[in-house]
Amino acid sequence: MKALVLGGTAEARQLVDALGEKAMLSLAGVTRKPLSIPHRTGGFGGAEGLAAFLRAERFQCVIDATHPFAAQMSQNAFEAARLQAMPLLRLERPAWPYEPEWLEAKSLSGAAKAIPAGARVFLSVGRQSLGAFGGRGDVWSLTRSIEPPLQAPFGEVISQRPPFSLQNELDLMVTHNITHLVSKNAGGEATRAKLDAANQLGVKVIMVKRPRLPEVLTVETAAEAVKWVKNLGE
Ligand code: NAP
């Protein structure tokens with residue numbers, strides 16, 4: 001089974017590692033220095049472009065292992081697989097379970113509106129999503145990203161790559177007197193410690209809910225996705 005794995009997540013890398021030569025990892029190319037693993041880079045030109053790529057490269061199945069907030073790519077994968085009548089699996093880590101102390105926002109702009117004036121906010125949303133907070137010059141922000149943010153920040157920027165320990169997150173929030181944390185509900189362990197740190201310190205969490213994605217067969221781990229690919233080949 002020749003599989004195209006749409007990546008941008010640790011689970012996608014684990015899956016490609018496990019499938020070996022039969023799999024190709026595709027990255028959007030938003031990170032200039034992705035981890036060293038064989039891959040192709042760049043958009044396909046929408047759903048039809050992806051369908052044409054799948055056809056030309058003779059793939060037999062697609063695994064959408066993009067980040068839970070990469071809604072456009074997931075929609076494209078759904079449409080391309082339908083156009084090609086090709087099996088599609090979604091590999092998606094579970095969301096963090098809802099906690100009553102959280103303020104939930106339906107979108108990034110909803111989260112931006114929910115921050116009270118004068119807050120010292122840790123914007124843990126990824127450098128591509130900072131635009132939604134551009135109008136909030138009345139709050140101080142801490143931004144963390146692997147590479148410099150695309151948007152001019154209104155506070156401090158630090159560069160760190162996950163995983164982050166609880167001690168790291170506690171130190172960060174204490175040092176910067178953080179009062180609010182804005183996070184996407186990405187799920188997973190690598191970035192979970194910020195929530196535990198916020199709980200311990202009484203930092204208010206504004207959690208952005210996941211976008212709705214097309215309904216497709218979904219598994220939570222790379223091991224389950226490997227099994228799915230192997231079953232297709234039998
Ligand atoms: P998006 O809005 O869903 O996609 C925008 C466009 O980027 C797509 O239409 C596609 O271009 C291209 N693209 C996205 N993922 C691709 C992939 N794996 N391979 C080839 N092209 C891809 O995506 P996004 O939210 O900007 O995320 C971009 C990448 O960063 C994704 O790979 C995602 O997994 C990763 N990521 C996203 C987040 C997040 O919070 N959104 C967080 C961590 C990692 P064409 O239409 O031209 O094909």
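Note that the structure is predicted; figures quoted are calculated from it, not measured. In listed order, ligands and their atoms are each counted from 1.
Connection of Leu108 to Val121 is established within a shared hydrophobic cluster, with ILVMFWY side chains joined at heavy-atom distances below 4.5 Å, either directly or through further cluster members.
Classification of the Trp102-Tyr98 ring pair by plane angle, with boundaries at 30° and 60°, yields perpendicular.
Between Met173 and the choices Gln200, Lys194, Arg120, the side-chain contact (heavy atoms from CB on, under 4.5 Å) rule is met once, by Lys194.
In this structure a side-chain-to-backbone donor-acceptor pair under 3.5 Å is present from Thr218 to Val216.
Under 4.0 angstrom from ligand 1, the non-hydrogen atoms of Val30 all belong to its side chain. The backbone of Ala71, and not its side chain, has at least one atom closer than 4.0 Å to an atom of ligand 1 (non-hydrogen atoms only; backbone = N, CA, C, O). Residue contacts with ligand 1, taken as heavy atom pairs separated by less than 4.0 Å, involve Leu27 solely via the backbone atoms N, CA, C and O.
Annotation: Ser26 places an N or O atom under 3.5 Å from an N or O atom of ligand 1; distance criterion only. Below 3.5 Å of separation, one finds an N or O of Gly45 facing an N or O of ligand 1.
Between the side chains of Lys184 and Ser129, at least one donor N or O lies within less than 3.5 Å of an accepting N or O.
Taking all heavy atoms of Met73, Gln75, Gln128, Arg40 into account, the minimum distance to atom 15 (N) of ligand 1 is reached by Met73. Comparing Lys184, Gln72, His67, His39 by heavy-atom distance to atom 2 (O) of ligand 1, the nearest is Gln72. When Ala28, Ala70, Gly7 are ranked by how near their heavy atoms come to atom 32 (O) of ligand 1, first place goes to Gly7.
Pairs engaging residues 164-174 under the side-chain hydrogen bond (donor to acceptor under 3.5 Å, both in side chains) rule: Arg144-Glu169, Gln160-Asn168, Gln167-Asp171 [sequence neighbours left out].
Among all non-hydrogen protein atoms, the one lying nearest atom 46 (O) of ligand 1 is Gly46 N, 3.1 Å.
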Under 3.5 Å donor-acceptor pairs involving side-chain atoms of residues 47-63, not counting sequence neighbours:
residue, atom, partner, partner atom, Å
Arg55, NH1, Gln84, OE1, 2.8
Gln60, OE1, Lys2, N, 2.6

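Within the 4.0 Å heavy-atom shell around ligand 1 one does not find Gly126. The shortest heavy-atom distance from Gly42 to ligand 1 is under 4.0 Å.
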